[in-house]
Amino acid sequence: MQEAYQPAAIEADAQAFWETAGTFRAVEDPSRLKYYCLSMFPYPSGRLHMGHVRNYTIGDVLSRFMRMQGRNVLQPMGWDAFGLPAENAAMANHVPPAQWTDDNIANMKRQLKALGFGIDWQRELATCKPDYYRWNQWFFLRMLEKGIAYNKTGTVNWDPVDQTVLANEQVIDGRGWRTGALIEKREIPMYYLAITQYAEELLGDVQGLEGWPERVRIMQANWIGKSEGLNIAFPYSLGGERHVLRVFTTRADTVMGVTFMAVAAEHPLATHAAKTNATLAAFIEECKRGSVMEADMATMEKKGVPTGLTVEHPLTGAAIPVWVGNYVLMGYGEGAVMGVPGHDQRDFEFANKYGIDIQQVIDVDGQPYSTEQWQPWYGEYGLCVNSGAYNGLNYEQTIDAVVASLHERQLGAKQVQWRLRDWGISRQRYWGCPIPIIHCDACGVVPVPDQDLPVLLPDDLVPDGSGSPLNKLDSFIKCVCPTCQKPARRETDTMDTFVDSSWYFLRFASAHNGQAMVDERVNYWLPVDQYIGGIEHAILHLLYSRFWTKVMRDLGLTTLREPFANLLTQGMVRNSIYFRKPASGRIVYFNPTEVTVDTDDKGAPIGARLKADGEPVEIGGIGTMSKSKNNGVDPQSFIDRYGADTARLFMMFAAPPELSLDWSDEGAEGASRFIKRLWKAVHAHVNGPAVTPMATDRLNDAERDLRRLAHQTLAKVTDDIGRRRVFNTAIAAVMELLNAITRFDRAEPQAAAITQEALEIAVLSLSPVVPHVCHALWSALGHERAIIDEPWPVVDPTALTQAAMELMIQINGKLRSKITVAVGTDEASIREAALSDATARRFIGEATVRKVIVVPGKLVNVVVA
RNA sequence: GCGCGGGUGGCGGAACUGGUAGACGCCCGGGACUUAAAAUCCCGUGCCGCAAGGCGUGCGGGUUCGAUUCCCGCCCCGCGCACCA
């Protein structure tokens, strides 16, 4: 073995070995227990970033660990290759998105290989390739047949200058990112997937996903948002006809306090009233500008204009004025809400602003009510007051009575309402999967027949920002109606890229099947045993994938109910931010590599200077690595300098996987140092005295201590990786073991045998994290078989036994002393030993001992007064 | 605004089920080796205090023999909010 640790050679050698042996090729084998380990596939942006390195290292550690545990492991990789960045790059460089994407995939694949991930590359897929996206189209047609896919209008951001639809991220402060034009909302026809038909099952099943983080389950449940309430109809007359305005409410106990109604700007009532009301028409126009985003809707100023129309209160017949509110969403319920300013904070503020009547109709413990100032209790449940027949009733009683009255008048009933909305999948963009529809003047909307699939996306276009280039491409648009054979137009909208990522995990298990979307191999591999990805995907991607999986089951393609048995949501990778803010002009950010940090004599930072000019820069705290803050660290240059193992080790050591991880050059340096120390320890050992068979019954204290520590470490690593899914503490434990090995006296009689065992445990324990160096060290330790093919080692329980243990002594809960007792000492003796301990007696003094609490194996607490 | 997390030394973090707060690593300080420096190795390192001891897990309260851990109220930071992926 070489004396110096040389990562480049070691890593190339290990990777060549795995490649030649086909180590990571996954083959279905019903006789073996499988382990499907999946990391979220990347968008092929061109270069790996540290978030990818972290994500894929976690997956690789688990995959290698499980492989050594005897599982048949599948770890695939693919490319989420459709989407907006390719179009933006195309515009900037005049290169077709297809070519840009292919180049990026080649580059990132090379980087992934250099990191040594145990991926079965034979199953690689890219969602922008027809052999993948044809099945999006095929399945869309099946959903259309079942009524799960359907057409209705939806709201989009319209840039009136470029005459194009913009994504939310392309709208900045209400203006188009390229044109600066004020953005308008526009209603256009779109295809939707009826995810709300699955709301009940999606909600019910998410509670049972015990392998998912609790917080993700809660977020999903809240997103689906089941609420049980009442649908109430407010009648009105218009043009001599009777109509009703329907609202949904969970607070029907406050219905006697309704003093106004609010409808969305797009509501038919608003449109009708605006015909004769210029102020209202102008307000509706104002509402049409502005954002379609929920966060903006929730934070903007609540405004309204009266329509001049009234509806009748369903229980009292009183006339209720109807307003148009900019905060009412057409897409939620029927685009109308009832206003109860007495007991809803938003309505209270609205009513105060516009001088609308405020009525108290709920009393909570007789507290005084004032319309001047909102109090939190106004929104709580209580007893009805000022509510006629309902006075004195509690919430449940009132609901029952109101339901009965409304039912009698046929003006309302109980209703379950979902926050979840159907999934709009139409995108007015080029670089996506074409929606397989043909528009025929004679036959209307005609699905593309299965035998004509896939509808190929032309791959040589370059968008110019003025809408989808497909709209201008006759060779794509012009087609023949499959029904009547007359000339027809092809649909130019493409699918949301969430469609692509909603089933790729199934395709990995059915790789390269040209005849079917999925096949029986899915039954072997699925569900995914461990899914790993960023917390930012906790809701949408995971919910859509769960939905898609259930639809595939209902259409008979699989029997799978849930796709992901266990989920690990990894935190962000962050780094320091440095900037200068010139007196005029915008902030300039400096990459941390360009900056020197000055510290005081305790190492606390007191300032920072730019290396280039030595002048100070501002310290902007710490934030997620991003282009805009110029605080990214390029994995490639790091790997070139330190090697893949060091990158992997630092990523796994610096923080537990679920928390955000702060990059640190010094910390990475420490990781490198540890690998060198390990290398050195093995080198010293194999060049020392020959290993003789270990006589475990003749070990001295030092030998027994090191052997116990080695097996304790193994037990901890096995539990940390296997059960707790944390790696930083596992690595810390091996560091402690290595420290002990280094300190261990080589003159001890059985030193070589004990050291051999301890080093083997250290190397095996670390091999999932730093596989290349462990591959080399294992062979240096004298093994023929490659470490990746070794079974995970087993703890020897006899190595763990101990004769004595230390107990803490507390007086009134404060740590005061320690005693050492033999293992197995009975409680009475422990109590006596504690009370007779000199230090303890000093603290007890003259006080009376009230109580002695003995916690076995931990401590004794003496309560005195 | 709403939903969900997080907050522990100079820094990243550990403490898994209410029982030794600060494992491990970084930084910093001291020493060894060296002509010298780097690298490496050894020692120290929560804060205050000469010490005895006191204080200490974002802030304020509570439960408990005992709270980083449980409960209530607040502050700050991060993620998501349906067309970024």
Side-chain angles (χ1 to χ4, degrees), chain A residues 40 42-43 45 80 83-85 154 156-157 165-171 213-216 218-219 221-223 225 292-300 331 346 419-429 496-498 501 534-541 543-544 569 571-572 574 599-605 621-624 650 653-656 658-671 673-674 676-677 680 719-720 723-724 726 728-729 731-736 739 742 806-810 812-815 818 850-853 855 857-859 861-864:
Chain A
M40 289 182 185
Y43 180 81
S45 59
D80 190 11
L84 216 43
V156 293
N157 302 303
V165 174
L166 297 184
N168 284 338
E169 73 158 10
Q170 296 174 316
V171 180
E214 178 72 10
R215 63 165 156 160
V216 177
I218 292 170
M219 280 192 265
N222 289 340
W223 184 264
V292 301
M293 290 168 68
E294 193 195 316
D296 294 335
M297 297 292 284
T299 48
M300 72 188 177
R346 190 174 59 181
R419 207 187 79 91
L420 182 67
R421 307 198 293 262
D422 278 347
W423 174 15
I425 60 159
S426 295
R427 297 291 180 270
Q428 298 69 44
R429 275 187 243 303
D496 180 5
T497 56
F498 274 125
S501 55
I535 183 66
E536 69 273 18
H537 296 291
I539 295 176
L540 290 178
H541 162 63
L543 191 65
Y544 292 147
T569 49
M572 306 273 139
R574 314 191 303 169
T599 57
D600 64 18
D601 55 9
K602 286 179 180 170
I622 212 154
T624 307
F650 176 69
F653 178 65
E658 310 251 33
L659 294 191
S660 59
L661 180 152
D662 295 347
W663 183 261
S664 151
D665 287 329
E666 294 80 11
E669 194 74 50
R673 211 146 44 210
F674 171 67
K676 285 180 196 156
R677 269 209 312 274
K680 207 154 125 183
D719 187 55
D720 280 356
R723 179 182 63 87
R724 297 177 64 209
V726 289
N728 56 329
T729 50
I731 293 164
V734 181
M735 285 175 170
E736 286 185 78
N739 289 343
T742 311
E806 205 173 38
L807 292 182
M808 301 304 116
I809 300 180
Q810 295 182 338
N812 283 349
K814 291 196 186 219
L815 180 68
K818 298 173 187 182
R850 296 256 183 244
K851 205 173 177 183
V852 180
I853 295 154
V855 182
K858 300 261 185 190
L859 57 76
N861 188 11
V862 182
V863 185
V864 300

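Convention: sequence-line order gives letters A, B, ...; per-chain numbering from 1. All values below come from the heavy atoms of this structure, side chains included, with hydrogens, waters and symmetry mates left out.
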Upstream residue (5' side of RNA chain B) when A/A654 and A/Q810 are each assigned their closest nucleotide: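 Of the two residues, A/A654 wins.
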Along RNA chain B (nearest heavy atom to each residue), the more 5'-positioned of A/E214 and A/Y544: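 It is A/E214 whose nearest nucleotide is closer to the 5' end.
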Nearest of [options] to any side-chain atom of [X]?
X: A/H537; options: B/G12, B/A85, B/C65; answer: B/A85
X: A/M808; options: B/U20, B/A85, B/C79; answer: B/U20
X: A/L84; options: B/C55, B/C65, B/C84; answer: B/C84
X: A/R215; options: B/C24, B/U40, B/G5; answer: B/G5
X: A/N168; options: B/C65, B/U20, B/C84; answer: B/C84
X: A/V855; options: B/C79, B/G5, B/G19; answer: B/G19
X: A/L659; options: B/A85, B/G13, B/G5; answer: B/G13
X: A/N861; options: B/C65, B/C81, B/C16; answer: B/C65
X: A/K851; options: B/C84, B/C65, B/C26; answer: B/C65
X: A/L859; options: B/C24, B/U20, B/C79; answer: B/U20

Expressed in whole Å, how much space separates the [atom1] atoms belonging to [N] and [M]?
N: B/C77; M: B/A23; atom1: C1'; result: 27 Å
N: B/G9; M: B/C26; atom1: C1'; result: 13 Å
N: B/U63; M: B/G12; atom1: P; result: 33 Å
N: B/U57; M: B/C47; atom1: C1'; result: 13 Å
N: B/G18; M: B/A67; atom1: C1'; result: 7 Å
N: B/G73; M: B/C27; atom1: P; result: 43 Å
N: B/C43; M: B/A52; atom1: C1'; result: 26 Å
N: B/C74; M: B/U20; atom1: P; result: 31 Å

Test side chain to side chain donor-acceptor pair (under 3.5 Å) applied to A/E536 - qualifying residues, sequence neighbours left out: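 Listed in chain order: nothing, the list is empty.
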Partner set under side chain to side chain donor-acceptor pair (under 3.5 Å) for A/E214, not counting sequence neighbours: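 Per chain and number, A/E214 pairs via side chain to side chain donor-acceptor pair (under 3.5 Å) with A/R217.
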Is the side chain of [X] donor-acceptor paired with the backbone N or O of [Y] at a distance under 3.5 Å, no angle test?
X: A/R419; Y: A/W223; result: yes
X: A/N812; Y: A/V864; result: yes
X: A/N861; Y: A/I853; result: no

Parallel, tilted or perpendicular: rings of A/W423 and A/Y544 (30°, 60°):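 Correct class here is parallel.
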Where A/Y43 and A/D80 come nearest, the two heavy atoms and their spacing: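 Here A/Y43 and A/D80 meet closest at CD1-O, 3.0 Å.
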Shortest non-hydrogen separation from A/L84 to A/E169 and the atoms involved: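 That would be CD2-OE2, 4.0 Å.
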Check this one for me: any side-chain N or O of [X] less than 4.0 Å away from OP1 or OP2 of [N]?
X: A/R673; N: B/C26; answer: yes
X: A/N728; N: B/A14; answer: yes
X: A/T497; N: B/A85; answer: yes
X: A/N222; N: B/G80; answer: no

When we call it a touch if two heavy atoms are under 4.0 Å apart, what does [X] touch: a base, just sugar-phosphate, or nothing?
X: A/D80; answer: sugar-phosphate
X: A/E806; answer: nothing
X: A/V156; answer: base
X: A/M293; answer: sugar-phosphate
X: A/S45; answer: nothing
X: A/W223; answer: base

Syn-anti status, with the boundary at 90° from 0, for the nucleotide B/G9: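 The base of B/G9 is oriented syn (glycosidic angle within 90° of 0).
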Polar side-chain contact A/R723-B/C16 base: donor and acceptor under 3.5 Å: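 Indeed there is one.
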Secondary-structure notation, RNA chain B, from Watson-Crick and G-U pairs under 3.5 angstrom (| other strand): (((((((..(((......[....))).(((((.......))))).(((....)))..(((((..]....))))))))))))....
